[in-house]
Amino acid sequence: MIHAQQKGYQPEEVLRGLCNAVARNFRSAVFRSRRLNPPAAFVGGVAANSAVVQAMREAFELEESQLLMPAGHAHFVAVGAAIDARAAGGSAALRRIAELRAAGEAHADRAGRFPTMTPLSTHRVLLLRDQVKPFELPYDGSTVDVYLGIDIGSVSTNLVLIDDEGNMVDEVYVRTRGRPIEVVAENLLDMQKRLGSRIRIRGVGTTGSGRELIGELVGADCVKDEITCHKAGACFIGERMIGRVPDTIFEIGGQDSKYISLSDGVVVDFTMNEACAAGTGSFLEERAEELGVSIKGEFAALALASAAPIRLGERCTVFMEHDVNNYMQRGAATGDLVAGLAYSIAYNYINRVVRGRKIGKCIFFQGGTAYNDAVAAAFASILDAEIIVPPYNGVIGAVGAALLARQAVLSGCGIAAAQAGQPAGAGTYVSDRPQGGGQSRFRGFEVAKVHYTLREFTCKGCSNACAIQEFDVEGEKTYWGDKCSDRFRKRAKSDRKPVIADLEAMRRGWLMDESNLPAVPANAPSVGVPLAMYSLELLPFYRTLLAHCGLKTVLSEPTNRRIVEAGLGAVVAEPCFPIIIAHGHVADLVARGVDYLWLPCVMNSQTRWMDNESHVCPWGQTLPHVVKQSPAFAAVPAENWLTPVLSFRAGRAGLKRELRPWADRLDISPKVMNRAIDAALAAQKAFRDKCHAAGQEALAKLEKTGQPGIVVFGRPYNVHDAGVNLSVMRKMREYYGVNVIPLDFLDVEDIDIRDLNENMYWNYGRRIIATARLLGEHPNLHAVYVTNFKCGPDSFVKHFIRPAARGKPFLTLQFDGHSNDAGMMTRCEAYLDSKGFLRPAVEVLPVGQGQGAGVGAEEV
Amino acid sequence: MNMAQTATKSKNALAGRTLWIPRMTYAGARMFAATFRSAGMDSRVVPPSDERTLELGGLHSSGEECYPQKVTLGDFLRIVYADDFDPARTAFFMPLAEGPCRFGQYAPYLRQVLAELGHGDVPVISPTSRNGYDGVGEHAPDLMRRAWRAIVIADILRKCMLKTRPYEIRRGDADAAYEAAMVIMEKILETPGLSMSQHMAAAVAGMMQCRDLFRRVPARYTRDRLLIGVVGEIFCRMNTFSNDNAIRKIEAHGGEAWLSDTTEWVWYTNWSQKFLIARDGRRLSLEMLMAVVKNKVQAGDEHKLLAPFAEDFVGYEEPHDIYEEVLKPAWPYLPADSALGEMVLTVGKSIYLQKKGADGIIDISPFSCMNGIVTEAVLPVLSREHEDLPVRNFYFDASTSNMERDLDIFMELAGAYHRRKSPVRRYPRCFEDSPEANILSVGGSVQRGE
Ligand code: SF4
Ligand code: SF4
């Protein structure tokens, strides 16, 4: 929703979308694959909202008369309890409640008074805000050249003015209120009133998710993702004030929090908190309010004075609320409680946002919550490390945008941006620019006068059918509402051209290749093969096998929205996204009425590392059993499922043994089946060999040309399902000219990883770690690791990737059904940008190269 | 082989170190530690988990790994972070498994975290499930067999406690008997120098004492409690901290829990070892012979330790043959040839327990557990095909559990099922004695003769 607001939707639309989302989520997350026999009753407080009722009807495809709101729907449960109590003879029921409560409390922690933690202290917190003086306009009344940075963020919009030396001239922090255009317009006018006569805007940069819309509207010189801007702002400040740049940025705002990991100035990991309030500032505010403590100043003072912070642990908001109240009733001191809260917000951030990602040595803590010194102290204590709080910690993204705008204007007027070695403050001034160059695109303060038109339409580019809004600002168009970033969004530019072949497309061609398959009679029975999970690697084996057995294969459609929805409707429990999608592919085939469904139990892979097992994961192994039990497929006759156990590790003989009974069942002679297996294995090997050969060629080409490449690694059904990964490989290649190498083009079978993990019994896990090891050995290879939420094996595998890559920075992209493309491309852009794949001149700070303290002002 | 080398190295490396045993099951860890002590190793159970466990576990993991991993890691890290921590005097015990679920990654990950903290030379001792945990034996002769006995003993004691506690008249008596029984058995198991037959004789004598402790707990054995089978992920269902005292909650709601034990897992790994050998086409190999012999020896030991409880465990018998009684009935839902690990035990045991008269099945798993998510998908069909036996999955992590919320309604369903079900539960003798006789025994102890 927040994203929708930023995209310029009107609040009404946002609200309508919200109701639909409630209904849809209820269906997919609570009701799931159950069957509904109308009529249904809709009870609970929300039933009073007629828009939600309407949305529920739509989501469940119910007629008006089929969804009933009984009288007293808001208090339904209480009414039931009363009836029940009457039936049971009131006092007995109450006694039972008392008994249960007593039983619960008897086992509650009785030891000690309150569990406590080490007192907070700021001795390891470096508060840089104490070291800056407020800016003063020149005494003589002259004007100052400034750069405007605007961060149109999730809840708040920040505007800053920075002068040529990087001083903060003005900073504004306001709520976005779902109306980014109005908010920016208002505040620019206000800025003009206050300072208009004393400043000259030389450049404008926008960031945040509303950056394109506002960028067009105000006439920005530089439109950059928020990761790059936060990085640029923090690095500039670090370089300028302490001569060090961060390798880790913690950013906790009111409603969201971010984490950025840098390695030599390269963005290597980035994440935002996912729908968890416990790691954000508003949570702290609410608790403070309950305790009657002002969040500004008083909170930190009390917390830092506490000698015994109460250990609240890291728990969800609901639990925390309960715990705090509980301690309060039991007479805990307010100071001890707020200190405990400071700890718990830090713990929550570490456990729910950072989640085991790398925490380096130079940690910047920014965002609105960083005004609270107690939280900074808590981080310092938990991590046993120094925590640096930069000045302007609430608006660093806008600062970065302004600095990048300055750089863009400077380079636009022919002044090299990256001249090193100039003393701080003696920066190159835009006003020194050669005549005519470096003109800002700024349209002036009166944004409201800028003429724009809005047009809405539905994109027919794919079955996603996104509702698109087109803003036309004096002939320049910006778009909102697309899921794919494919057709409408502007992209960072790159003049690069890939030097290697389009390996992804080649592989798809080979995977789908039917030319070597024997002809099958037109009336042959049809076998549906879901184009999901291991099929994305084993399709040559599957299809060759089936064709040689005289069966016709029917493939499911490539993953799209319909398939995802069918999958969500068919799963019983809550597995990972690839498994959900696999359910959807089966549904697609069932709907098409195939004679058989090919859903083998793939157990493991062939490997030369026989010391360990080479399993696929348990969810993959049991997929056929789980799919068969789904109520969505109850109508499929048992004999239509073809679910042989395929143990590739057991080799040719093993496969023949396992498939033999299936041959009998399908009336295929053992001889034919055996020949089919031989052919299928040969086809699979040919496929693999072709990939490896092409991969070698590509590596050699990169070697020869000295060009960098990006290896995309992960499980085949993530890496090679464009519907899952939003076509990340194609986009990197097409938009930025990246030389993309999917992991199956690298032969890593011979790489030993036992020194890192002596018990890696998952074959894909082994391949992923081995690939990471290979990367560590090729300086010109960079990497994107593609994974998905809830992947059990990857939750462990990922810990071994970093050491395998010898600390080489790689980007992690984690997908799930709701991944939004804007977020994904933002991460990619930030990574590619800092790796130098985008316009070489855009390199923000050549940090870690020891150019001395003066670089900062120059480098922006 | 790789594993054996690690093990031999670690044996020498163990000298002068305390070997810390994770608290998967309280009794099991204590019996295990006692057993290691008998072989001259200073072995201790990690202290009970607390908030600090979760803080440290959370600090060193991403929260996407399994919850048990966070608990075991956090418990070990509390030792590492303690003021008196001495890396030269510390070792950790963490079993391995050959997948396919994540359990087998705990040990490699623990090693990595220790290395990152600069304690890479603190040994992590890991027997593996691949060869049915034979690796346990690499640290001292016969240790593996003694360890097996320790597991059986812990399972029996827990079973005694679980069948007594719901019926005790004075709260706390059954737990006290449980503690006293563990002390008795620890003394026996930690005695060095016993031959295998001396070891067994002492253990059987000890177990008789323990049995009498439980028999003497003043109790009112009435037949109105619902029997709830508790299955699921082994760590979470056994570890009271992780499941937030699920068993006590079941008891507080008028239930008696039949908790799947640890021996079941060992029987399963033995079976799957044999199965894998056969699948690899080596049916008559030496390896196979060893597996069969091991099975026989283990079965014999279990039989001897169980003998004194014949009367007490009437109606409480565990499956005799893991394949026939658990894996085979599970086959239509999850065939053990392709569904590996706990999930088949969960499904098969649910059916077994239904036959034994369970009124409902609770499947306990950590949040996002690879086993739980699979069983959750197939259990509804199993329930439908077994008289609509109430079956419910409960998931746990530090902050959320759906159990608090849903246990009431589950017990209602179990009650309704109890009234209509066809399997008949058998009760041991104590239920036949008139309740009055037991009430009389309050305060004094009633010897019920052997
Ligand atoms: S390996 Fe991960 S993504 Fe693949 S099926 Fe298993 S849990 Fe899902
Ligand atoms: S059974 Fe579940 S919780 Fe246990 S290790 Fe496996 S995945 Fe983790």
Side-chain angles (χ1 to χ4, degrees), chain A residues 99-100 103-104 106-107 115 311 313-316 319 347 350-352 355-357 382 571-575 601 603 611-613 615-619 621-622 624-626 629-631 645 647 650 653-654 657 754 756-762 789-796 798-800 803, chain B residues 1-3 6 50-52 54-55 58-66 69 96 98-102 104-105 107-109 112 126 128 130 171 245 248-249 251-253 279-281 333-335 337-341 343 368-378 380-381 393 398-400:
Chain A
E99 265 171 33
L100 286 178
H107 298 293
R311 185 184 292 270
E314 56 99 17
R315 320 189 77 191
C316 263
F319 284 84
Y347 266 120
I350 292 169
N351 288 336
R352 286 162 213 272
R355 303 180 121 204
R357 292 180 174 83
I382 293 169
V571 287
V572 178
E574 294 180 60
C601 302
M603 298 304 291
D611 268 8
N612 285 126
E613 291 291 338
H615 291 297
V616 301
C617 111
W619 289 351
Q621 291 173 334
T622 56
H625 313 312
V626 167
Q629 308 292 6
S630 163
V645 175
S647 172
R657 202 168 44 238
R754 285 174 302 176
L756 287 162
N757 185 327
E758 77 286 8
N759 197 33
M760 184 37 69
Y761 43 72
W762 295 305
F789 285 101
K790 270 209 168 172
C791 176
D794 278 2
S795 68
F796 280 92
K798 68 180 177 196
H799 293 296
F800 299 96
Chain B
M1 263 193 66
N2 190 23
M3 199 51 238
T6 329
D50 58 15
E51 282 288 344
R52 182 80 178 138
L54 299 179
E55 277 166 18
L59 204 54
H60 292 277
S61 50
S62 70
E64 286 165 17
E65 306 87 349
C66 347
Q69 188 275 151
L96 274 181
E98 273 284 325
C101 103
R102 297 181 275 184
Q105 293 304 315
Y109 185 56
Q112 177 172 310
S126 304
T128 168
R130 188 192 191 182
R171 176 177 292 165
N245 275 308
R248 283 182 199 273
K249 286 188 188 132
E251 291 169 359
H253 279 77
R279 183 153 83 181
D280 292 350
Y333 310 97
L334 287 180
D337 65 347
S338 49
L340 311 181
M343 54 178 88
S368 84
C369 168
M370 310 223 65
N371 288 293
I373 302 274
V374 172
T375 55
E376 188 186 350
V378 301
V381 183
N393 284 74
S399 47
T400 49

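Below, chain A is the first sequence line, B the second, and so on; all start at residue 1.
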* Give the member of A:Pro793, A:Gly654, A:Cys617 that has the highest number of heavy-atom pairs under 4.5 Å with chain B. =>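 Among the listed options, the one with the most contacts to chain B is A:Pro793.
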* Pick from A:Pro803, A:Gly792, A:Cys601, A:Cys791 with the largest number of heavy-atom pairs that fall under 4.5 Å of chain B ->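 Of A:Pro803, A:Gly792, A:Cys601, A:Cys791, A:Gly792 has the most heavy-atom pairs under 4.5 Å with chain B.
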Any idea which heavy atoms bring [X] and [Y] closest together, and the distance?
X	Y	answer
A:Asn759	B:Gly104	ND2-O, 3.1 Å
B:Glu64	A:Lys798	OE1-NZ, 3.0 Å
A:Glu758	B:Pro108	OE1-CB, 4.1 Å
A:Ala573	B:Ile373	CB-O, 3.3 Å
A:Gln629	B:Tyr333	NE2-CA, 3.7 Å

* Asked: By a 4.5 Å heavy-atom criterion (distance strictly below it), what part of A:Val571 contacts chain B: side chain, backbone, both, or neither?
  ->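 A:Val571 has no heavy atom closer than 4.5 Å to chain B.
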Find the distance between [atom1] ([X]) and [atom2] ([Y]) and round it off to the nearest 0.5 Å.
X	Y	atom1	atom2	result
A:Tyr347	B:Glu51	OH	CD	10.0 Å
A:Met760	B:Gln105	CE	CD	4.0 Å
B:Asp337	A:Gln621	CG	CD	10.5 Å
B:Cys101	A:Trp619	SG	CH2	11.0 Å

* Pick whichever of B:Leu334, B:Val378, B:Val374 has the most heavy-atom pairs under 4.5 Å with chain A. =>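 Looking at each option in turn, the highest pair count goes to B:Val374.
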* **When B:Ala339, B:Ser61, B:Gly341, B:Ala107 are compared by non-hydrogen pairs under 4.5 Å with chain A, the top option** =>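 Heavy-atom pairs under 4.5 Å are most numerous for B:Ser61.
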* **Part of B:Val381 lying under 4.5 Å from any heavy atom of chain A** =>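 The side chain, not the backbone.
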* Where on B:Glu251 is there a heavy atom nearer than 4.5 Å to chain A: the side chain, the backbone, both, or neither? ->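 Contact with chain A: none, neither part.
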* State, with a plain yes or no, whether a side-chain heavy atom of A:His615 is found less than 4.5 Å away from one of B:Leu340. =>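 Yes; the side chains approach each other to less than 4.5 Å.
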* To do: Flag the pair B:Pro100 / A:Glu613 as yes when at least one side-chain heavy-atom distance between them is below 4.5 Å, and no otherwise.
  =>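 When only atoms from C-beta onward are counted, A:Glu613 and B:Pro100 do not touch, as no gap falls below 4.5 Å.
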* To do: Applying side chain to side chain donor-acceptor pair (under 3.5 Å), name anything that partners A:Glu574, two or more places apart in sequence or on another chain.
  =>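 Applying side chain to side chain donor-acceptor pair (under 3.5 Å) to A:Glu574 gives A:Arg32.
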* **Residues in ring-ring contact (aromatic ring centres under 6.0 Å, His included) contact with A:His799, at least two apart in sequence or another chain** =>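 With neighbours one apart ignored, the set is B:Tyr109.
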